[in-house]
Every structure is written in C-alpha cells, then in structure tokens.
Amino acid sequence: MDDFPAPNDFRFSRDRWERPARRASARGRVEAMPGNPRLTSRDARGATDRDVWGAQDAWDEPAGTRARGRGGEAVSQASGGASLVAALRCVPMVAALGIAALALAAAMALAGLADGGAGTAGSGTALGQTSAAGAGAQVASTAESPVSTPRSEWARGKVPYLYQTDPAWASEPYADDTIATSGCGPTSLAMVYVALTGRTDYDPAAMGRYSEDGGYVEGGLTAWRLMGEGCRALGLRSHEVAADATAVRGELAAGRPVICSVGPGDFTETGHFIVLSALTDDGRVVVHDPNSEARSHQSWDLTRVLGQCRNLWAFERA
C-alpha cells in the first residue's frame with residue numbers, strides 16, 4: 001500500500017506523522033497530550049512502504065515505556081507508578097482468597113466437631129457394641145459409668161439394676177475379654193438371681209466366673225445353656241417361654257422374671273441379653289438392660305420387645 005486517503009482529500013504518509021506533545025504531570029510523570037498524532041499534508045503518491053510507514057525502529061512506543069533519550073527519570077517513575085497500581089489492584093483479590101480459605105477451614109472444623117458430636121450422641125451407653133447374635137454376648141463401653149443398684153439394697157422380690165460397665169466389675173475377665181464387653185449374660189442372670197433369692201454372693205463378676213467354670217462360654221460368647229441347665233446349681237429353675245404377649249404377661253404377673261436373648265433392634269446391633277421384670281399399670285413392660293441405663297429407665301411396648309426376641313426363659317426358685 002503506497003498511500004491512503006485522509007479527511008478533506010489530504011493524503012498523509014507515516015514519515016510526516018509527529019509525536020504528540022508531552023507534558024509533565026504534577027507527580028513528575030510524562031504524559032501525552034490528548035488528541036491524535038498531528039499529521040501534515042503531503043502528497044505521498046509513489047512513496048514506498050518504508051517511506052509511508054517509516055523505519056520500524058522509529059515507530060512510536062506506548063507512553064511510559066521509554067523517553068527516547070530524555071526524561072528518563074520521569075519515565076522510570078511512571079513505570080514504578082504503573083507497577084504500584086497493578087499491585088494495588090491485586091490486593092482485593094488476595095484478601096478475598098484469604099477470607100475464602102479461612103471460611104473453608106472454619107467449615108471443615110465445624111464439620112469435624114459435628115461428626116464427633118453426632119457419633120457420641122448416637123452411640124449413647126452402647127458405644128462400640130458388637131456381639132455375636134447366637135450366644136448374645138455384648139461388647140460395650142460408656143463415656144460415663146452407669147449407676148447400679150447398691151449391693152446394700154439388693155433384696156428378694158426386687159430385680160436390681162446391674163450394669164456390665166459398672167467399674168465395680170467392668171474390668172473383670174470373662175469370655176476372653178471382660179464383663180464390660182461380653183458380660184451381658186452373666187449380668188442378666190445375676191439380676192434374676194438376686195430378685196429370686198435375696199442373696200448378694202453372685203454379682204456380675206462372680207456370675208461370670210461361674211459361667212466360665214461351668215463351661216457355658218463357647219467361642220468367647222455366653223451360651224444359651226447358662227439360662228437353662230446352668231441356673232440349677234444356683235438354686236433356680238427355668239423354662240422357655242414363647243414370644244407371645246399373653247404368655248409373657250402371665251409369667252411376670254406370677255412373679256417370674258424373664259430373660260430374653262434379643263437380636264438387632266432397639267437393644268443391640270447383633271445380639272444381647274436383657275431382663276423383663278414387671279408390667280406397668282398401662283400394660284407396658286419394664287426392661288433391665290445390662291448395657292444401658294437410659295433404656296432401663298423407661299417402659300417399653302411389650303409387642304415391640306417380643307418382636308426382637310430370639311428366645312425367652314422365665315425363672316423361679318427351685
């Protein structure tokens with residue numbers, strides 16, 4: 001391209017363009033005066049591309065890059081000011097990222113606390129329980145030790161509240177573990193023994209030793225035989241009861257406490273022993289759960305409990 005039309009029929013070539021006048025701002029920066037490059041008219045016909053556009057190394061550069069041999073200090077200040085402006089523009093972004101990181105860390109911390117709190121509440125006094133369903137062993141641990149009926153208050157005709165996690169016997173060995181983790185069977189039988197005999201010689205630890213010595217532990221679990229033939233040497237006798245509300249009410253009304261082997265449900269995730277001791281005025285049943293003080297101090301719908309039973313034994317004195 002040799003030339004190009006300009007307004008008012010003038011034609012201009014690049015070599016006639018002049019740099020806009022510059023002025024020093026109040027801050028010492030060199031600034032270009034507003035307006036377009038001043039052009040002077042000259043007929044550029046026949047000029048070469050180099051004549052029209054000028055040498056490439058002579059083209060104007062953006063304001064603030066260099067001062068072409070003058071005003072170097074002013075240009076340096078302008079560059080520094082531009083860098084400062086660019087840095088200041090990054091400040092809000094950095095601040096926003098920092099706030100977002102803090103918010104994320106706080107959310108994760110709250111989630112961790114929530115997860116911890118949920119786990120504790122859901123576990124209750126049966127935290128960590130795992131047991132084999134067949135024999136009804138119960139693994140349990142509690143954040144706070146339950147309060148068993150004091151030995152001084154054990155009496156005939158009254159089923160005491162005894163808990164396998166009571167510190168008085170929780171750490172005693174049983175079934176290759178401890179009473180606290182596997183002793184729901186001996187603890188249930190100890191409650192029935194006290195209620196029918198009024199004696200205090202068999203607490204959960206002593207009943208656990210009796211069970212092991214008699215061979216009523218199988219594979220680290222309490223065998224159902226402890227509730228049948230196993231009770232005879234204790235001066236008791238038992239018989240199995242159907243999981244029928246009318247039959248169980250009849251046993252309890254006659255003063256015969258019932259031990260139940262229960263499966264997954266309200267009392268365990270696998271297997272467990274509990275004691276049914278009496279009926280309330282409104283026909284609900286009183287449960288003595290050796291692994292839960294909370295579940296022991298409430299009445300239960302009998303049909304609901306029976307729906308979780310695998311076997312039941314009613315006890316009386318021999």
Side-chain angles (χ1 to χ4, degrees), residues 125-126 129 131-138 149 154-164 184-198 202 207 211 216 221-318:
T125 57
Q129 69 174 22
S131 65
Q138 184 72 28
T149 302
W154 295 2
R156 183 178 177 181
K158 183 178 180 180
V159 178
Y161 289 95
L162 304 181
Y163 301 103
Q164 62 198 84
C184 59
T187 304
S188 294
L189 187 55
M191 287 189 270
V192 169
Y193 173 82
V194 170
L196 294 176
T197 66
Y202 277 99
M207 195 64 76
S211 176
Y216 301 113
L221 306 171
T222 302
W224 283 1
R225 294 184 296 107
L226 176 65
M227 307 305 170
E229 64 184 68
C231 72
R232 297 172 189 169
L234 299 173
L236 305 177
R237 63 186 177 196
S238 68
H239 60 272
E240 293 186 3
V241 180
D244 174 78
T246 300
V248 172
R249 287 193 178 96
E251 299 292 344
L252 296 177
R256 292 187 287 268
V258 175
I259 291 180
C260 306
S261 173
V262 294
D266 293 315
F267 306 98
T268 181
E269 295 178 356
T270 48
H272 191 36
F273 287 105
I274 61 174
V275 178
L276 309 183
S277 64
L279 296 171
T280 62
D281 293 339
D282 57 358
R284 295 169 70 84
V285 66
V286 177
V287 172
H288 292 239
D289 184 344
N291 193 46
S292 174
E293 189 173 18
R295 290 192 291 268
S296 296
H297 290 286
Q298 61 177 301
S299 59
W300 291 80
D301 178 76
L302 179 57
T303 302
R304 177 177 182 136
V305 174
L306 294 178
Q308 302 172 52
C309 290
R310 292 169 168 169
N311 208 348
L312 303 90
W313 301 264
F315 293 80
E316 58 186 336
R317 292 187 66 178

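Computed from a prediction, not measured in an experiment: that's the story for all the values here.
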>> Would Thr149 and Met191 count as a side chain to side chain contact (heavy atoms under 4.5 Å, CB included) here? Give the steps.
In response: CA-CA 10 Å; Thr149 302; Met191 287 189 270; over 6 Å; no

> Excluding sequence neighbours, so at least two apart, what forms ring pair (Phe, Tyr, Trp, His ring centres under 6.0 Å) with His297?
Replying inline: Tyr161

>> Using every non-hydrogen atom in the two residues, find where Phe273 and Gly185 come nearest and quote the distance to one decimal.
In response: CD1-CA, 3.4 Å

>> Can you tell me how far apart CD (Glu251) and CZ (Arg256) are? Round to the nearest 0.5 Å.
In response: 4.5 Å

> Is there a side-chain contact between Cys184 and Asn291 (heavy atoms, below 4.5 Å)?
Replying inline: no

> To the nearest 0.5 Å, how far apart are CG in Asn311 and OG in Ser261?
Replying inline: 7.0 Å

>> Could you walk me through whether Ser296 and Tyr163 satisfy the side chain to side chain contact (heavy atoms under 4.5 Å, CB included) test, starting with their C-alpha distance in whole Å, then the side-chain angles of each, then the deciding distance to 0.1 Å, before giving a yes or no?
In response: CA-CA 10 Å; Ser296 296; Tyr163 301 103; 3.6 Å; yes

> How long is the span from the CG atom in Leu196 to the NZ atom in Lys158, to the nearest 0.5 Å?
Replying inline: 15.0 Å

>> Any side-chain to backbone donor/acceptor pair from Trp300 onto Arg295? Under 3.5 Å, distance only.
In response: yes

> Which heavy-atom pair separates Arg237 from Arg317 by the least distance, and what is that distance?
Replying inline: NE-O, 3.8 Å

>> Measuring only between side-chain heavy atoms, which start at C-beta, is Leu236 closer than 4.5 Å to Thr197?
In response: yes

>> Tell me if the CG atom of Asp281 is crowded by more than 12 foreign heavy atoms within 6.0 Å.
In response: no

>> Test side chain to side chain contact (heavy atoms under 4.5 Å, CB included) on Tyr202 and Leu189; report intermediate values, then the result.
In response: CA-CA 9 Å; Tyr202 277 99; Leu189 187 55; over 6 Å; no

> What are the two closest non-hydrogen atoms of Thr268 and Val262, and how far apart are they?
Replying inline: CG2-O, 3.9 Å

>> To the nearest 0.5 Å, what is the distance between CG on Leu226 and OG on Ser211?
In response: 4.5 Å

> Under 4.5 Å between any side-chain heavy atoms of Arg284 and Leu279, yes or no?
Replying inline: no

>> For a side chain to side chain contact (heavy atoms under 4.5 Å, CB included) check, start with the C-alpha distance between Leu276 and Val287, then their side-chain angles and the critical distance, and finish with the verdict.
In response: CA-CA 5 Å; Leu276 309 183; Val287 172; 3.8 Å; yes

> For the atom pair CZ (Arg232) and OG (Ser238), what is the distance rounded to the nearest 0.5 Å?
Replying inline: 7.5 Å

> Under a 4.5 Å cut-off applied to non-hydrogen side-chain atoms, are Met227 and Tyr216 in contact?
Replying inline: no

>> If the condition is side chain to side chain contact (heavy atoms under 4.5 Å, CB included), which residues does Val194 pass it with, not counting sequence neighbours?
In response: Trp154, Pro160

> Looking only at heavy atoms, what is the nearest atom pair of Thr280 and Ser299, with distance?
Replying inline: CG2-CB, 3.9 Å

>> Is the shortest side-chain heavy-atom distance between Cys231 and Tyr193 below 4.5 Å?
In response: no

> Looking at Leu234 and Met207, what are the two nearest heavy atoms and their distance?
Replying inline: CD1-SD, 3.6 Å

> If you measure from CD1 on Ile274 to CZ on Phe267, what distance do you get to the nearest 0.5 Å?
Replying inline: 4.0 Å

> Are side-chain heavy atoms of Leu306 and Cys309 found at a separation under 4.5 Å?
Replying inline: yes

> Can you name the closest pair of heavy atoms from Pro257 and Leu252 and give their distance?
Replying inline: CA-CD2, 4.2 Å

Tell me which donor-acceptor pairs under 3.5 Å the side chains of residues 240-250 have, and how far apart each pair is, sequence neighbours excluded?
from	atom 1	to	atom 2	distance (Å)
Asp244	OD2	Thr246	N	3.1
Asp244	OD2	Ala247	N	3.0

> Is there a donor-acceptor pair under 3.5 Å between the side chain of Gln308 and the backbone N or O of Asp266?
Replying inline: yes

